[in-house]
Every structure is written in C-alpha cells, then in structure tokens.
Student: 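One structure, pasted below without further comment.
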Amino acid sequence: MQPKLNRLLRALAREGLEVAYDGRLYSVRLQGDAHAPPAEVLLPPDLPVEGKAFQQLAHLAALRHPSGGQVLRVRATPDFHPGDSGVAIGSVLHTRGLVVPGAIGTDINCGMRLHVANVSVEAFLAKRTAFVERMKGHYFFGTRDVTMGSRASEALLRDGVQGWLVETLERPLGCAGRADLAQLDAEVARIHLGGGLKGHPRWAPESFTREGLVRDAGLATIGGGNHFVEVQRVEAVEDRARAWGWGVREGQLAFMIHSGSRDVGKHVGVAWQDRARQAWPVGAPLPESGILPLGDARLVEQYLEAEATAANYAFLNRLLLAELLRQTLRELFGDVEAPLVYDVPHNLTLPYEGGWLARKGACPAGAEQPVIIPGSMGATSFLMVGCGDARALESASHGAGRARSRFSLSRGGADQSEAALGLTGVDCITLRAERRVEEAPAAYKPIRPVVDAQVEAGIVREVARLAPLLTFKA
DNA sequence: ATGTGC
C-alpha cells in the first residue's frame, strides 16, 4: 500500500471509520455499525484521494429508513471524490425499500454521447475557423432558443425521445428536418434505455410547460462544470471486431458530448431533496450525514417519476446538441454521415436486483454494453465495453475525477500560466476565460491509471481511444 | 451540477 494512502486511512480510523483493504479494493464502514454493509472502492496506485470522500461513502452505506428500507451495497468508482449533497461523486448505491434523491442530486441523467463522422481530420481542421464561428452562432452560447409544441413536449416528458419523435414527425420543428428525423428514429436503439423512462410533465418547472412550449430551460445547451462538446480523432482501436461492429474506425473524425438535464434536473433535484427532509418521520433521529432517503412507497414512486422526467429531457438535450453539430458539419462538408455510436447516462436511479441502483457519476458497465469514459480537457477519452462485473455493481467511472476545486484554481492563488494549468496545445473555445482555468487539465486527475485499474479488475475492456481536436465549454 | 460560489 502507498505510504500517503496509509496515513490517510490511519487518520480515518481515528475519526471513527473501520478500514480494510485487499489488493486495490478498499472498504470502509462506520465503527460499531455492524449492520451496515461495507462501502468498497477500487483505487488506482499513486492517485490523490480525499478523506472526506471516504467519510461520505461510509455514511452512505450506514443509511437506513425507519420504515425498514435499507442499503444493500455501496461501491465507488476509482475516480470518486467528495460531493456537495453529502454523497461522493462516483458512488453506486444498491438499495431496497428506499431511494436517495441526494444520491443523484440535481445533475439528473448527466451522460455521454459519441458520434463518428465520415469527414477526414485534415478536411475538418482546414475549415476549423468556419466551424467554430457557426457553432458560436447557435447553441453553445445559449443564443438559440429551441422550442417545441405542447404535444411534443408532453410526449418527451412522459416517454422520452421516442415519444418526442412520434409527435415531431407529425409537426417538424426548429432544428430538425424530416430526413434527419428518420435517422434519429433509427438511432433510438443506440441510446441507453431507448432514451426514455416513464415520466410526467407535472414534475417539470411550471415556466417550462407554460403556454404549451418548452423553452428557456437550456435545451440544446452544454451547461457548465465538466460538461463539454468535443471534436475528436479516433487515435487507436484496441478491439477491432467490436469497434467495427459499432461503426468506429481508426483515424476517423468523432464528436463527444457530455451534458445533462440543465434547469429541469436542478428543479427536480432541489425539490426532492427538500421533500425528503419534509417526509422524514417525526421523532426519528436525523442521519448525521444529512443524507435523507425516501422510504414511503408512494413517495419513492413519485420521486422516480420526477427523476425520469428530467432524464427524458437530458436525453433530448444531448440528442439536439448532436443534431446541431451534425448539421453544422453538413453545412460545411456537404452530405456528411455522422452516426450515433452510443448515448449513456451516468447519473440515474434504475431498477436492480429487486431494488434500486443509484449511480452518481458512474457509467453503467453491463456485459457487452458500450461504456464512454471522457477525459478531462486536453486528455484522451475512452470507448470501452462493460464486463458486467457484479462486484463493481456493473459500473465504471465517468471520468478521471476532479483533483482540485474550481475555486482553488480560479481564485485560490494558483499559478495560472498555460504551462502550470496544462493548457499548452489545448484548443478550447469557451464563453469566459475563467472556464478554461477552472476546468483546465490541472484540475483533474490523470485518466490512464483510472482506466487501467478498471481493466485490471475486469470491469471494462478497452475498445478505442479518442484524442481531442477542439473542445467547446460554456 | 446550477446564469453559481469561495
């Protein structure tokens, strides 16, 4: 074991955590709480970890509901780090009889989407300036207001992108023409869960559905933080047969989208974290972690429907971002084909083994499923395939993990030179210079050890690597 | 994560 980690774990033991390890798999539990399952995390060698993240993990595992709901297992991904709501980013939570709104938070159905395109890298780079100008002209600065009719919006919120498409085929709108809609219809099969869960418009913000229009809610915008749109090059293919089957070839141009449910997820997440507080049984001691589960069956059902509503919105948000990018390529390069490889959520509660599995910043990694692990700005991204590892709760990391807070980099007196931030050679278009600093490569851990640890543990296998050419951040 | 914080 690494000396630094050893010191950290000793400190955690003094703070009331039982700590054990077996190879690279570490487990923690609150001392004296024999009923709680241990919380496990796989750690790559020589990467910084924060004690607070371990604390959050142990408290999550210790959670139970007075009505009998329980936590069955907690597992964290190798990129886990402390989260604001008391739940570490990278936590995977298996429960029965309870769900935890704070274990998803506000970034509901944050996820990844990958397309490849039959434009050569050379041709693309030759028109880079024109491409950037067109991109600035619409969604990524939020200047393009995407609206839709009441039937399409209601169908979207109830059923996801398939419902939206059915209504949209009757009344084409805004950014999509009829020919494009036929392709979108064919691509629904490449969206995890078919791009839809059972939701209901009643959970969307009131302003969102007013006058039967969906507007001013950030539809087809990237969002902040680690979210991005990136043009990439497939720099290496490791599993040729699988990559071929997925339409991915070495040297291809590709684009990747990391975005979520924007204001709709925030609305649902905030409302339900409050609701969980209100619904906590009178007289029952509050968990010291501040993490509050829902245990009443009816409330659980309602929360999941609200979460699904925001998730449906996120699926469409990523779809529209991709559609705008695909159209921009067509404007510049003619009849471009840019098929979807896969779209996968990494912030969602889903049914699992008779209970629920909440992934907070963790990518589903079921057997044979495409897994998309983005690198941070300037870093390689990975297309992998899941191995269905039950010990890891069929989950992989959703990135490299943040190493430094936004504040510590932007205003914490850090060296803001290009070299110190790791920005040398990075081509990034942002709305504000501040973003480049907050999300600079120096803000994140290296992705390679995080990926390697998961390959060695049998959680995922590598299919292809993608190198960034041009990154857009809000 | 969030038209935002430290």
Side-chain angles (χ1 to χ4, degrees), chain A residues 50 52-53 56 77 79-91 100-113 139-146 203-205 207-208 215-229 257-274 290-291 306-307 309-311 313-315 317-318 321 344-349 358-363 374 376-377 397-414 416 430-439 443-444 472-474:
Chain A
E50 288 184 57
K52 191 179 172 189
Q56 290 184 340
T77 58
D79 63 334
F80 86 128
H81 55 101
D84 290 340
S85 64
V87 180
I89 318 296
S91 297
V100 185
I104 298 300
T106 56
D107 196 10
I108 295 167
N109 188 5
C110 178
M112 301 302 308
R113 188 178 178 97
Y139 69 88
F140 119 88
F141 284 148
T143 54
R144 181 162 176 166
D145 209 12
V146 177
W203 305 116
S207 63
F208 181 89
R215 59 189 308 147
D216 296 334
L219 191 57
T221 57
I222 299 170
N226 57 355
H227 291 180
F228 65 78
V229 165
I257 292 163
H258 183 185
S259 189
S261 49
R262 313 289 286 112
D263 294 346
V264 182
K266 186 190 176 189
H267 173 82
V268 169
V270 167
W272 278 92
Q273 286 174 71
D274 286 349
I291 309 167
E307 197 194 284
T309 307
Y313 184 79
F315 280 127
N317 189 42
R318 286 195 293 276
L321 284 166
V344 62
H346 55 222
N347 246 40
L348 214 52
T349 308
R359 294 185 177 92
K360 185 183 181 68
C363 186
S376 44
M377 194 193 295
S397 77
H398 82 311
R402 191 170 267 281
R404 306 185 56 180
S405 73
R406 283 168 216 175
F407 179 65
S408 81
L409 278 169
S410 62
R411 300 191 202 169
Q416 293 194 7
T430 54
L431 188 56
R432 288 192 290 177
E434 197 177 324
R435 296 280 181 255
R436 288 186 84 220
V437 175
E438 292 174 348
E439 296 297 316
Y444 289 87
F472 294 91
K473 307 221 22 141

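Letters A, B, ... mirror the listed sequences (proteins, then strands); counts begin at 1.
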Student: May I ask you to say what A:G265 touches in the nucleic acid, namely base, sugar-phosphate or nothing, with a heavy-atom cut-off under 4.0 Å?
Tutor: nothing

Student: Could you walk me through whether A:T106 and A:Q273 satisfy the side-chain contact (heavy atoms from CB on, under 4.5 Å) test, starting with their C-alpha distance in whole Å, then the side-chain angles of each, then the deciding distance to 0.1 Å, before giving a yes or no?
Tutor: CA-CA 9 Å; A:T106 56; A:Q273 286 174 71; 4.2 Å; yes

Student: CG of A:D263 versus P of B:dG3: gap in Å, rounded?
Tutor: 5 Å

Student: Check the distance between B:dT4's C1' and A:E434's CD and give it to me in whole angstrom.
Tutor: 10 Å

Student: B:dT2 P sits how many Å from A:I108 CD1, rounded?
Tutor: 12 Å

Student: Grab the OH-P distance between A:Y313 and B:dT2 for me, whole Å please.
Tutor: 11 Å

Student: Determine, stepwise, if the pair A:E438 / A:R404 fulfils salt bridge (charged side-chain N to carboxylate O under 4.0 Å, His left out).
Tutor: CA-CA 9 Å; A:E438 292 174 348; A:R404 306 185 56 180; over 6 Å; no

Student: Name the nucleic acid region contacted by A:G105, choosing base, sugar-phosphate or nothing; use a 4.0 angstrom heavy-atom cut-off, strictly under.
Tutor: nothing

Student: In whole angstrom, what separates A:R402's CZ from B:dC6's P?
Tutor: 14 Å

Student: Please give, in whole Å, the distance from B:dT2 P to A:E439 CD?
Tutor: 10 Å

Student: Applying side-chain hydrogen bond (donor to acceptor under 3.5 Å, both in side chains), can you list everything that pairs with A:R113, at least two apart in sequence or on another chain?
Tutor: A:H115, A:D343

Student: Mind calculating the distance between CG (A:D84) and C1' (B:dC6) to the nearest angstrom?
Tutor: 12 Å

Student: Starting from C1' on B:dC6, measure out to CZ on A:R404 and report it in whole angstrom.
Tutor: 14 Å

Student: Hey, which sits more toward the 5' end of DNA chain B by its nearest nucleotide, A:R435 or A:H398?
Tutor: A:H398

Student: The criterion is side-chain hydrogen bond (donor to acceptor under 3.5 Å, both in side chains); which residues satisfy it with A:H227, sequence neighbours excluded?
Tutor: A:D107

